[in-house]
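Residue numbering restarts at 1 for every chain, and letters A, B, ... go by the order of the sequence lines. Predicted model, so just to flag it, every value in this text is computed and none were measured.
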Protein chains: 2
Amino acid sequence: MATKPPAENMARSTKQRTAILELLEHDDAFRSAQDLHAILREAGSKIGLTTVYRTLQAFAEADIVDVMRLPGGDHLYRLCSAEEHHHHLVCRSCGRTVEVAGPTVERWANKVAADHGFTDVGHTLELHGLCAECSK
Amino acid sequence: MATKPPAENMARSTKQRTAILELLEHDDAFRSAQDLHAILREAGSKIGLTTVYRTLQAFAEADIVDVMRLPGGDHLYRLCSAEEHHHHLVCRSCGRTVEVAGPTVERWANKVAADHGFTDVGHTLELHGLCAECSK
DNA sequence: CCCAATCATGACAATCATTGTCAACATCTA
DNA sequence: TAGATGTTGACAATGATTGTCATGATTGGG
């Protein structure tokens, strides 16, 4: 089980990376690279789109952010709080996100896999709906 | 809860649609639109790529095929046998796929969602591992 | 404090799967 | 069989993501 090296990429600390990180800290919904880029430009930054993409990728590899894929196929990023394995319950209207642990699912997944002779099993699970606010 | 109309798209039966369907019948792994198109051309068909995409989309909407999304974001299609809701256990080596029902997961998903005040909840779940064959 | 080594950035081009367009064509029904 | 209409396919267009490469920033050593 190759544990990911902390962040052997990202050797340096730069304005751009700091800016992106701060943006993510004040936001609890998933954002796309393009979104973040737009927001930063709006705020006067001269940051390039390429940089935003690269930075987010690096963050993802360093497990600093969670990645999620939209039906359309785009990547969304969000600062991740929990260290352990978890899933997301996302509001499809406002993007608000709740992290949920799923021991039940883990067990179920392992059992099903074993029943079919599969080994080395992983899973992807995502819940989406309307949050209390948006349900009104 | 708008139940999907059987297949109100796809009014007619054509060579192309038949060809795609036959191809899927002889295949129990997920294939991309581009793959299927290549195979058909290889076999002498003059079918267009656009048609393959449209046909697969229509099949998917009519619940004739299952859709799955690759990490890269591409769509993969496969003939689906089960009528009811189900998930897939896919071998990441050979692509072999087993359809599994997940009442446990359904219940869990609904409970978690309710606990957080979410409504109209759906979910995406996918299992991947190494099948008995490929485990050796 | 200054400098060089090198990592990071940003403008731009290039990919590539997928979708839009539209005239030519095939299918089905009357 | 003819006509109305669903389908097709070549091609262009889209749009997010990645590759390139010269320029700029950061950091540790002197």
Side-chain angles (χ1 to χ4, degrees), chain A residues 5-24 29-62 64-78 95, chain B residues 5-24 29-62 64-78 95:
Chain A
E8 65 176 29
N9 29 355
M10 316 211 58
R12 296 179 185 175
S13 161
T14 68
K15 289 191 192 76
Q16 291 87 342
R17 289 176 184 173
T18 306
I20 293 180
L21 214 45
E22 283 190 351
L23 211 50
L24 289 171
F30 279 87
R31 302 292 177 196
S32 71
Q34 312 248 6
D35 282 349
L36 295 176
H37 177 248
I39 294 174
L40 289 169
R41 297 294 280 225
E42 195 92 6
S45 170
K46 299 270 183 272
I47 193 171
L49 182 53
T50 311
T51 301
V52 178
Y53 272 106
R54 274 184 307 224
T55 304
L56 288 173
Q57 275 177 189
F59 280 167
E61 241 169 276
I64 293 172
V65 299
D66 280 334
V67 192
M68 133 169 281
R69 203 174 301 281
L70 234 46
D74 322 3
H75 298 67
L76 298 186
Y77 302 88
R78 175 175 182 275
Chain B
E8 64 177 26
N9 30 357
M10 316 213 58
R12 296 177 185 174
S13 161
T14 68
K15 290 193 191 73
Q16 292 87 340
R17 289 177 184 175
T18 306
I20 293 179
L21 214 44
E22 284 190 351
L23 209 51
L24 289 171
F30 280 87
R31 302 291 178 196
S32 71
Q34 312 249 6
D35 281 349
L36 296 176
H37 178 248
I39 295 174
L40 289 169
R41 298 294 283 227
E42 195 92 8
S45 169
K46 300 271 183 274
I47 194 172
L49 182 54
T50 311
T51 302
V52 178
Y53 272 107
R54 274 185 305 225
T55 303
L56 288 173
Q57 274 179 188
F59 281 169
E61 241 169 275
I64 292 173
V65 299
D66 280 334
V67 193
M68 133 170 279
R69 202 175 300 282
L70 233 48
D74 321 2
H75 298 67
L76 298 186
Y77 301 89
R78 175 174 182 277

- Are any side-chain N or O atoms of B:Ser45 and backbone N or O atoms of B:Arg41, one a donor and one an acceptor, separated by less than 3.5 Å? no
Taking atom [atom2] of [N] as reference, at what distance in whole Å does atom [atom1] of [X] sit?
{"X": "A:Lys15", "N": "C:dC7", "atom1": "NZ", "atom2": "P", "answer": "19 Å"}
{"X": "B:Tyr77", "N": "C:dA17", "atom1": "OH", "atom2": "P", "answer": "13 Å"}
{"X": "A:Gln57", "N": "C:dA8", "atom1": "CD", "atom2": "C1'", "answer": "14 Å"}
{"X": "A:Arg69", "N": "D:dG15", "atom1": "CZ", "atom2": "P", "answer": "20 Å"}
{"X": "A:Phe59", "N": "C:dA8", "atom1": "CZ", "atom2": "C1'", "answer": "13 Å"}
{"X": "B:Arg12", "N": "D:dT7", "atom1": "CZ", "atom2": "P", "answer": "6 Å"}
{"X": "B:Leu49", "N": "C:dG20", "atom1": "CG", "atom2": "C1'", "answer": "13 Å"}
{"X": "B:Met10", "N": "C:dC28", "atom1": "CE", "atom2": "C1'", "answer": "15 Å"}

Are any of [X]'s side-chain N or O atoms less than 4.0 Å away from OP1 or OP2 of [N]?
{"X": "B:Gln16", "N": "C:dA26", "answer": "no"}
{"X": "A:Arg17", "N": "C:dT9", "answer": "yes"}
{"X": "A:His75", "N": "D:dT17", "answer": "yes"}
{"X": "A:Arg54", "N": "C:dT9", "answer": "no"}
{"X": "A:Tyr53", "N": "D:dT17", "answer": "yes"}

Assign [X] to base, sugar-phosphate, or nothing according to its heavy-atom contacts below 4.0 angstrom with the strands shown.
{"X": "A:Gln34", "result": "base"}
{"X": "A:Thr14", "result": "sugar-phosphate"}
{"X": "B:Ser32", "result": "nothing"}
{"X": "A:Arg41", "result": "sugar-phosphate"}

- Record whether the side chain of A:Thr50 comes under 3.5 Å of the base of C:dC12 through a donor-acceptor pair of N or O atoms.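 Flag set: donor-acceptor pair detected.
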- Item | Close side-chain approach of B:Phe59 to B:Met10, heavy-atom, < 4.5 Å |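 Heavy-atom side-chain distance check passes, below 4.5 Å.
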- Query: For B:Leu36, which of B:Val52, B:Ile47, B:Leu49 qualifies under side-chain contact (heavy atoms from CB on, under 4.5 Å)?
  - Reply: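 Per the side-chain contact (heavy atoms from CB on, under 4.5 Å) rule, the option paired with B:Leu36 is B:Val52, out of B:Val52, B:Ile47, B:Leu49.
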- Please report the shortest heavy-atom distance between A:Ala60 and A:Tyr77, naming the atom on each side. CB-CE2, 4.4 Å
- Pairwise distance CZ(A:Arg54) to CZ(A:Arg17) - rounded to 0.5 angstrom: 9.0 Å
- Message: Measuring from the side chain of A:Asp74 (C-beta onward, heavy atoms only), which nucleotide among C:dC28, D:dT8, D:dT17 has the closest atom?
- Response: D:dT17
- Per B:Thr51 side chain, nearest of listed nucleotides D:dG9, C:dT18, D:dG19: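 Of the candidates, D:dG9 comes closest.
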